[in-house]
Structure formats: C-alpha cells, structure tokens
Amino acid sequence: MAFKPLHDRVLVRRIEGDEKTAGGLIIPDNAKEKPAEGEIVSVGEGARKDSGELIAMAVKAGDKVLFGKWSGTEVKIDGEDLLIMKESDILGIM
C-alpha cells in the first residue's frame, strides 16, 4: 500500500466480529455493531514536541488494537474500507 499517515496518525483495518451469539443464534448484518478492534496497517512518524523532538509511536504495523466506537475517519484506499485515527484514539494493544 502506498499510503503513509502523517505525524501521530495510524491507518487501521477493522477486524470483523462473530457472526453468531454464544447461544448459536445468527446475527443479521443490519443488527451488527461496527467492530471496535482492528489491525494497524500503517503508522506515521510520530508527534513532535514544541522543541522539535520526535515522540516515537507506541504502535506498529501488524498490531491488533482496540479503539473507541466513534474513533477515526472512514476512508477507502485501494478499494478497501479503512480508518485513519490519531494514536491517542487507540485504547490498547491486544
């Protein structure tokens, strides 16, 4: 992929959730919530302090992460639906 996020932004691919409940019921597409977990596709260089010093990113490409339900901006790159968000929108690494 030729896209690289700037500064402290990351490009995330959503990981789809289960199609069935624990009891075995199939969940229809219109009843599913958007998953709040994903895989990091690409990361920027990191933020800069006022002094110009680079603050390294805590995540890297390939990390599986949890993020807020309404985090990020949906974009379509190379025909794939992805999210661009700031590193601070990521809640944790799995």
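Side-chain atoms are counted along with the backbone in the values below, which use heavy atoms only and exclude waters and symmetry mates.
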Verify, without hydrogens or angle tests, whether Lys4 (side chain) and Gly44 (backbone) share a donor-acceptor contact under 3.5 angstrom. no
Work out which heavy atom in Leu83 is nearest to a heavy atom in Ser71; give both atom names and the distance. CD2-O, 4.2 Å
Please list all pairs passing the salt bridge (charged side-chain N to carboxylate O under 4.0 Å, His left out) test where one or both residues lie in residues 54-66, with sequence neighbours left out. Lys60-Asp63
Looking only at heavy atoms, which two atoms of Ala61 and Val41 are closest? And how far apart? CB-O, 3.6 Å
Before you tell me yes or no, could you show the steps for Leu82 and Val12 under side chain to side chain contact (heavy atoms under 4.5 Å, CB included), namely the whole-Å CA-CA distance, both residues' side-chain angles and the distance that decides it to 0.1 Å? CA-CA 6 Å; Leu82 301 168; Val12 178; over 6 Å; no
So the salt bridge (charged side-chain N to carboxylate O under 4.0 Å, His left out) pairs with at least one residue in residues 83-94 (sequence neighbours excluded) are Asp8-Lys86
Supply the atom-to-atom distance Met57 CE to Ile90 CD1, rounded to the nearest 0.5 angstrom. 7.0 Å
Residue pairs, two or more places apart or on separate chains, that pass side chain to side chain donor-acceptor pair (under 3.5 Å) and touch residues 43-55: none
Checking side chain to side chain contact (heavy atoms under 4.5 Å, CB included) for the pair Val59/Ile93: CA distance, chi angles, key distance, verdict? CA-CA 8 Å; Val59 295; Ile93 301 172; 3.8 Å; yes
Any non-hydrogen side-chain atom of Met85 less than 4.5 Å from a side-chain atom of Arg9? no
If I take atom CG from residue Asp81 and atom CZ from residue Arg13, how far apart are they, to the nearest 0.5 angstrom? 11.0 Å
Counting C-beta onward and ignoring hydrogens, is there a side-chain heavy-atom pair between Leu11 and Ile77 closer than 4.5 Å? yes
Rounded distance (nearest 0.5 Å) linking atom CD of Glu74 with atom CD1 of Ile84: 11.0 Å
Side chains of Val75 and Phe3 in contact at under 4.5 Å (non-hydrogen atoms): no
Considering all heavy atoms, the nearest Arg14-Phe67 contact: NH1-CE1, 3.7 Å
